[in-house]
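None of the values given here were measured: they were computed from a predicted structure. For the numbers below, each heavy atom of this structure counts, side chains included, while hydrogens, waters and symmetry mates do not. Lettering of chains follows the sequences in order, A, B, ..., and the numbering in each one begins at 1.
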Protein chains: 2
Amino acid sequence: MSHRLGTQLSFAIYGVAGRVARMHKPFLDPLGLTFPQYLVMLELYAGTPRYVGDLGTSLGMDTGTITPLLKRLEVSGMITRMRDPKDERCVLINLTPAAEAIKDEVWSIAGRIKSACKIDEAGMIALRDTLNDFARPAVE
Amino acid sequence: MSHRLGTQLSFAIYGVAGRVARMHKPFLDPLGLTFPQYLVMLELYAGTPRYVGDLGTSLGMDTGTITPLLKRLEVSGMITRMRDPKDERCVLINLTPAAEAIKDEVWSIAGRIKSACKIDEAGMIALRDTLNDFARPAVE
DNA sequence: TAATTATAAGTAGCGCGCAATCAAGAAGGT
DNA sequence: ACCTTCTTGATTGCGCGCTACTTATAATTA
């Protein structure tokens, strides 16, 4: 039977995620960012301040993943972390001037990657939508 | 302008990879396997013995990833690791009876996952092929 | 008000993923 | 036989991702 197809799709998804992250590396290394950190920065460029939990939800990252990641971004001078005076449980994330300084370069990475993917605009849109719908509501 | 689309696609790929792995977890936990270990087992079920390097190449896993992974599979009794007498540099991987015993159940996971993904056969084939072509030749 | 419950982050431990480095065996040439 | 050179894995270190647990603050309820 076709267990085959299911496993092939799992392989394909596993494989493409690694390739995409690796493809970003040469562009991110000079900025001192990892791929997940890059995704966090994109979220922050879209609007600050943001709560830690809000960021985690948007990116699908667990608290055990995003908290140390944010602490590293703080150490590297990209963000500040501050308790919300209104609710001392929450931590507000803001961008530093150093982060704003590389904003355009960070945004430009996507365009430079796109060229290397040999996929047209319509294909990208279709793929994005397919992936965003895929495996969405199930066990989780 | 449309850095947007590129970043959205990166997000989508990052997100779907995590969701797919998480979707497998409830099925893999009872077997004591992680998702990457599951992929390795599928490769091994397709034919043994296999060299470590061969497995790594097939799965796109680095030696620093697959060597400890295989040692854990050995500890959990799924595989054996043996130097090839013909070439002492190479390590041959074989399945144990314990691994053969769960072979059918491991294979069946893909089918059970497929039901939860609300995507038809044609969609799966198209998606698999699109992903396998995507980001393939570029930096790597 | 006091006690309970809920929520937001942080922390520890394990496994994956990658880069860089190392050691051992094999293959080739001299 | 000897000496390079290449190949195969192993190792180390760091960051991500998850689970489970803990702490601190808020909200709720008795």
query = Side-chain donor or acceptor of T63(A) under 3.5 Å from a matching atom on the base of dG10(C)?
reply = yes
inquiry  = Applying a 4.0 Å non-hydrogen cut-off, can you work out what G64(B) is touching in the nucleic acid: base, sugar-phosphate, or nothing?
reply    = base
query = Which nucleotide in the list dA8(C), dG15(D), dG17(D) gets nearest to the side chain of R22(B)?
reply = dG17(D)
query = Starting at the 5' end of DNA chain D and moving along, which residue's nearest nucleotide shows up first, R89(B) or M61(A)?
reply = R89(B)
Residues E74(B), R81(B): salt bridge by 4.0 Å N-O rule = yes
message = Could you check whether D29(B) pairs with K25(B) (Lys NZ or Arg NE/NH1/NH2 to Asp/Glu carboxylate O, under 4.0 Å)?
response = no
message = At 4.0 Å (heavy atoms only), tell me whether D87(B) reaches a base, stays on the sugar-phosphate, or touches nothing.
response = sugar-phosphate
query = If only side-chain N and O atoms of T67(A) are considered, is one of them under 4.0 Å from the OP1 or OP2 phosphate oxygen of dG10(C)?
reply = yes
ask   = At under 4.0 Å, does any side-chain N or O of K25(A) touch on OP1 or OP2 of dA19(C)?
value = no
task = Could you tell me whether D84(B) and K86(B) make a salt bridge, using a distance below 4.0 angstrom between a side-chain N and a carboxylate O?
result = no
query = Does a side-chain N or O from K71(A) land closer than 4.0 Å to OP1 or OP2 of dT11(C), or not?
reply = yes
request  = Name the residue closer to the 5' end of DNA chain C, choosing between P68(A) and Y14(A) according to the nucleotide with the nearest heavy atom.
outcome  = P68(A)
query = For dA10(D), does OP1 or OP2 lie under 4.0 Å from any side-chain N or O of R83(B)?
reply = yes
